[in-house]
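Here is the structure we will look at, set down as structure tokens.
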Amino acid sequence: MIRIVTSLLIASTLCLAVDWDTRPREIPDVAVVDQDGRPVKFYTDLVKGRTVAIQTIFTSCKTICPPLAATYHSVEKLLGPNSDVRLISVSIDPETDRPDQLKAFAEKFGAGPNWTLVTGERAEIEKLLVAFRAYTPDRTAHTAMVIIGNDASGYWTRSYGLAPAASIAKLLEQARSTQK
Amino acid sequence: MIRLSIIVVIVGIGFGADRGRDLFETGSTPGHDAIAILRGNETEVPARLMACANCHGIHAEGKTEAGVTAPPLTGDLSFDAFERIVRDGVGREGKPLHPAMPSYRFSREELTDLWEHLLQLNGRVLSHGVTSDEIRIGMATGPNAQASAAVQQVVRAAFEGINAEGGIFRRKLVLETRPRHAGLKGATFAVIASLGDDDWNAAAQPVIGPLSAAAAGPNVYTLLPSATEQWSALCGYLAKNTPHGVRIVPEDQQQFVAAAPACRVLRMKAGAAPTILFAGREADLERVILANPGRQVATLHVVAGRSAFRLPEEARGRLLIAYPAVPADQVDLAAVETAAAGRPEFPALQSMALGSARVLIEALKRAGRDLTQSRLEAALESLNGFETGLIPPVTFGSGKQSGVRGAYLVRASADRFIPLGSWITAEE
């Protein structure tokens with residue numbers, strides 16, 4: 001309870017949209033590939049037992065994605081190289097965004113070792129989006145939210161993806177400190 | 001309130017005529033990359049990833065993505081407001097912009113280039129009547145078609161002259177006419193040499209050198225002296241050049257004349273005063289002057305009107321008139337003839353109109369390329385003794401929107417006004 005009150009306090013201070021009912025449905029362990037072309041099991045390899053941030057992007061998006069990616073880069077820097085928090089970007093244009101495109105996008109925005117970008121078969125990606133309540137039929141209407149959670153403790157929240165990086169980093173640290 | 005913005009710093013300086021377009025479309029210029037910094041997280045990002053056109057569209061038409069709308073870049077905007085938006089991320093009402101909008105820290109020169117490119121996009125209007133390539137100037141024409149045509153002719157000639165030189169900051173001057181001032185609202189940037197109705201405020205823009213009646217208003221920059229200023233010039237002359245002692249006729253007009261400081265100090269002398277200041281109706285002028293043989297009668301041109309020409313020669317010799325514009329004899333006919341493409345039909349009026357056009361052109365040059373109506377007004381108010389060669393030296397100032405304060409003194413012959421000397425500036 002104290003944890004919830006504290007979180008609400010932080011959320012209200014930062015005017016961030018926090019929805020305690022948006023905890024993802026069971027995260028599907030779909031097969032995806034990362035920016036280096038490596039096959040990855042989404043839940044097992046990226047989320048299981050970790051604190052994560054998950055955003056949706058596509059590399060040809062020029063409007064909202066660049067600042068979303070730039071914010072991620074800043075969050076990664078703030079968390080530091082030794083952080084075990086993982087930042088995940090899921091492409092919502094998987095036909096276009098092959099690993100090479102994701103790699104180039106990652107390099108443009110200075111992605112470090114704790115930032116993973118994934119693509120895959122559309123049907124698999126859509127399963128993920130539905131689980132995270134982030135599915136939209138039109139990709140240009142995709143959400144600018146970032147989903148923040150600690151799989152180990154079962155604590156999940158959301159933030160506006162263009163919130164100050166320091167705020168997002170703080171929410172991640174807070175999620176990381178939660179216990180089951 | 002989420003406050004987040006991206007600060008972009010251009011490294012190095014680009015060059016070339018298309019630099020504004022490069023900045024808008026790519027966020028950088030050839031050979032010079034740019035950096036963006038997200039406020040609140042101090043991280044540098046290449047500005048080419050955040051180019052204006054990415055969100056606002058290549059034609060600045062605006063677009064929406066992920067629930068975020070980048071608005072079309074249109075509307076009445078000053079350069080200062082534009083600078084606050086681009087560099088500080090602060091909107092027109094002082095509110096922070098959406099966090100997706102970067103704050104670009106371009107140099108002044110780069111901002112100017114970007115501004116120029118925006119002006120060129122779609123001939124976008126940033127201030128009423130101003131686009132990237134033209135400035136629309138209005139004129140209310142009034143009921144006298146002949147006089148109006150003559151005035152339009154010389155103003156158009158002045159505009160064509162400056163346009164032939166490339167315009168003002170590459171913008172051509174275009175004259176647009178309407179019968180009344182209200183018709184110019186929203187259509188033109190400023191009004192010049194109007195002969196139309198006296199509802200100056202209806203135009204809702206700076207009005208320069210109106211030609212009809214006595215004009216006044218917060219937006220009116222007149223080049224004709226007010227009645228008070230003409231009385232002041234007249235009384236100043238009388239104090240120095242004629243036997244002392246004046247009488248105001250009719251007596252109930254004392255206050256009207258005494259509004260002029262120079263008249264207040266004249267010694268009032270009932271009955272035997274050698275000079276009569278006539279402030280009555282034109283119809284009474286002849287009676288008053290004939291009823292006071294041997295006395296000088298001083299008045300304003302607006303009072304005497306054309307009846308002065310009909311007086312007996314002896315009476316005309318005793319009549320001294322304050323004339324608010326350059327008398328026909330002193331008009332720079334050569335300049336007006338050139339503009340009118342021949343002998344001017346209304347030399348005094350056309351001289352005034354051409355003088356007004358020169359004042360406007362000078363003020364537009366001083367206002368700079370980032371043209372707004374407030375900048376034009378500031379430029380007008382910076383004119384100090386500006387010589388048009390056509391009308392008396394023009395001086396405006398803060399709160400002084402009467403640019404020509406004083407009068408010529410003239411006597412009437414049978415058919416024209418003959419100046420007694422040069423322009424007399426009204427005493428403050």
Side-chain angles (χ1 to χ4, degrees), chain A residues 10-18 55-79 92-93 104-112 115 134 136 138-146 159-171, chain B residues 1-9 23-28 33-73 86 89 91 95-105:
Chain A
I10 292 168
S12 62
T13 305
L14 301 171
C15 293
L16 302 177
V18 175
Q55 65 172 198
T56 55
I57 53 108
F58 59 104
T59 61
S60 57
C61 153
K62 291 179 174 175
T63 306
I64 196 80
C65 302
L68 283 174
T71 301
Y72 246 14
H73 172 61
S74 302
V75 170
E76 188 177 30
K77 269 180 69 174
L78 286 170
L79 294 172
I92 53 169
D93 184 15
F105 186 82
E107 285 176 355
K108 275 199 292 192
F109 290 97
W115 182 357
T136 55
D138 176 2
R139 68 167 177 268
T140 62
H142 73 99
T143 175
M145 287 291 156
V146 58
S159 167
Y160 187 49
L162 295 177
S167 306
I168 295 173
K170 201 168 182 177
L171 287 174
Chain B
M1 177 68 71
I2 298 167
R3 295 187 63 168
L4 175 72
S5 73
I6 302 160
I7 298 164
V8 176
V9 179
L23 286 170
F24 185 81
E25 294 182 359
T26 71
S28 60
D33 213 343
I35 297 167
I37 304 168
L38 289 172
R39 191 168 60 189
N41 58 36
E42 300 173 357
T43 298
E44 295 182 348
V45 175
R48 61 191 146 76
L49 302 176
M50 310 270 183
C52 314
N54 284 2
C55 297
H56 294 282
I58 203 86
H59 299 296
E61 71 275 25
K63 58 181 179 178
T64 298
E65 192 172 305
V68 176
T69 298
L73 302 178
V86 176
K95 292 178 184 165
L97 298 174
H98 190 279
M101 169 64 189
S103 297
Y104 298 91
R105 291 243 171 108

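To find a chain, count down the sequence lines: A is the first, B the second, and so on, and within it residues start at 1. Please read all numbers here as calculations on a predicted model, not as lab measurements.
- Atom NE2 of residue B/H56 and atom OG1 of residue A/T63 lie 9.5 Å apart, to the nearest 0.5 angstrom.
- Scored by the side chain to side chain contact (heavy atoms under 4.5 Å, CB included) test, A/A69 finds A/F105, A/F109, A/W115 as partners (sequence neighbours excluded).
- With rounding to the nearest 0.5 angstrom, the CG atom of B/N54 is 12.0 Å from the CD1 atom of A/I64.
- Across all non-hydrogen atoms, the minimal contact from B/A100 to A/L162 is CB-CD1, 3.6 Å.
- When all heavy atoms are compared, the tightest approach of A/K62 to B/C55 is O-SG, 4.0 Å.
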